[in-house]
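Note sheet for the following structure.
Ligands are counted one by one from 1 in listed order, and the atoms in each one are counted from 1 as well.
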Amino acid sequence: MKKFFALALALILVLSLAACGGDKKDDSSNGGNETQTQQPAGNGGSETKEPEQKSAGSIGVCIYKFDDAFMTTYRNALEKILKEKGYEVTVVDGNNDQAKQNEQINTFITQGVDALIINPVMTSAADTIIATVKDADIPTVLINREPTGDQMAAYDKLVYVGCDAAQSGTFQGELILDTENKGDINGDGKVSYIMIQGDPENIDAQLRTEYSVKALQDAGIEVEQLNLTRGDWDREKGQTICANDLAQFGDKIEVVFCNNDDMAIGALQAIQSAGRKVNEDIYLVGVDALDAALNEVSNGNMTGTVLNDAEGQAAGAVAEMEKLLGGATYAAGEQSVYVDYVKVTPENVKDFMK
Ligand code: GAL
């Protein structure tokens, strides 16, 4: 009889372990790269009942691609805050593939997450994403790629947390206006520039491109665009584009506008290889305030950058998510929450360095 009970107990143990393994398998079906910061669901097979560590809720986070310098800082900040607040978090990599991200959103919905935080791959996919989360009735915070107010109005448990991209463009223009010759290094009465653009489908790329130049024009300065090339936010592309432009336009280039810092760091390599010197015979500005860019601003190798506040946006995204979890809804026209950009110059750069 004793033997029978021992066998039965062993069987139960084996079965419950198998069930745990099964859960794990389901989680990994989110596909490819993902990081999980979940508390273990059970007691890891231990017999003693510990006081239940109740999760604050389960959150699915979709990032457009992990291989993006700024979004890496952002997602790390997001994960840290959520984890500290006791949420079960799963962060997945969309690999810059909207179809893949759509699947990941559907998987999260099937798994019954309490809320979603989504950095869309394509802004143009916003309608589909919003329809999907609305249909599933899941509170959702969109980040980094802002849809239009009309698109968001379709679902009242949806909010966007990000920055006003036009502001970062204006600040870039102002960084050039703040130089001793207002960007006109050769004194020919106009500022000749190249523009290295992010992904042009993205509103950040569109508005930074427009407003950086507009700031110069609004100050009464004549501008000449020598070239505009898409660099998709990517450091290597920034370097190649800038090297090609320097070969083609040489000393004519007075300003290199980059829609983000990673491309600016690439451009700096090209500038240095061409024997040019930032702040002496060429100006260079970016956006994000990545650590590498802060170093270069401090060393005088970048004219300036603009803080894209990853930590502030992550904290804002979690705060809005918690409002939604608490039952809040958002009226049309009030679904965008902005965090300010900050101009980073050689004078204040130390305040941003960790
Ligand atoms: C921007 C950021 C870029 C890139 C992009 C991705 O806000 O400045 O570096 O991360 O988001 O959408």
Pairs under 3.5 Å, N/O atoms on ligand 1 and on the protein: can you put them in a table with the distances?
residue: ligand 1; atom: 7 (O); partner: Asn144; partner atom: ND2; Å: 3.3
residue: ligand 1; atom: 7 (O); partner: Asp204; partner atom: OD2; Å: 2.7
residue: ligand 1; atom: 7 (O); partner: Arg208; partner atom: NH2; Å: 3.3
residue: ligand 1; atom: 7 (O); partner: Asn308; partner atom: ND2; Å: 3.2
residue: ligand 1; atom: 8 (O); partner: Arg208; partner atom: NH1; Å: 2.8
residue: ligand 1; atom: 8 (O); partner: Arg208; partner atom: NH2; Å: 3.4
residue: ligand 1; atom: 8 (O); partner: Asp288; partner atom: OD1; Å: 2.6
residue: ligand 1; atom: 8 (O); partner: Asp288; partner atom: OD2; Å: 3.3
residue: ligand 1; atom: 8 (O); partner: Asn308; partner atom: ND2; Å: 3.4
residue: ligand 1; atom: 9 (O); partner: Asn260; partner atom: ND2; Å: 2.9
residue: ligand 1; atom: 9 (O); partner: Asp288; partner atom: OD2; Å: 2.6
residue: ligand 1; atom: 10 (O); partner: Asp68; partner atom: OD1; Å: 2.8
residue: ligand 1; atom: 10 (O); partner: Asp68; partner atom: OD2; Å: 3.1
residue: ligand 1; atom: 11 (O); partner: Asn144; partner atom: ND2; Å: 3.0
residue: ligand 1; atom: 12 (O); partner: Asn144; partner atom: OD1; Å: 2.6
residue: ligand 1; atom: 12 (O); partner: Arg145; partner atom: NE; Å: 2.9
residue: ligand 1; atom: 12 (O); partner: Arg145; partner atom: NH2; Å: 3.0
residue: ligand 1; atom: 12 (O); partner: Asn202; partner atom: ND2; Å: 3.2

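Residues that satisfy the ring-ring contact (aromatic ring centres under 6.0 Å, His included) test with Tyr155, not counting sequence neighbours, are absent from this structure. Taking the side chain to side chain donor-acceptor pair (under 3.5 Å) definition, one finds that Glu320 meets it with Lys323, Tyr330, sequence neighbours left out.
Between Lys65 and Asp93 there is no salt bridge, since no side-chain nitrogen of the basic residue lies less than 4.0 Å from a carboxylate oxygen of the acidic one. Checked for salt-bridge contact, Arg75 and Glu79 miss the test: no charged N lies under 4.0 Å from a carboxylate O.
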Side-chain donor-acceptor distances from residues 239-247 under 3.5 Å, at least two apart:
residue: Thr240; atom: OG1; partner: Glu236; partner atom: O; Å: 3.0
residue: Asn244; atom: ND2; partner: Thr240; partner atom: O; Å: 3.4
residue: Asp245; atom: OD1; partner: Asn227; partner atom: ND2; Å: 2.9

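Ring centroids of Phe171 and Tyr341 are separated by 6.0 Å or more, keeping the two rings apart.
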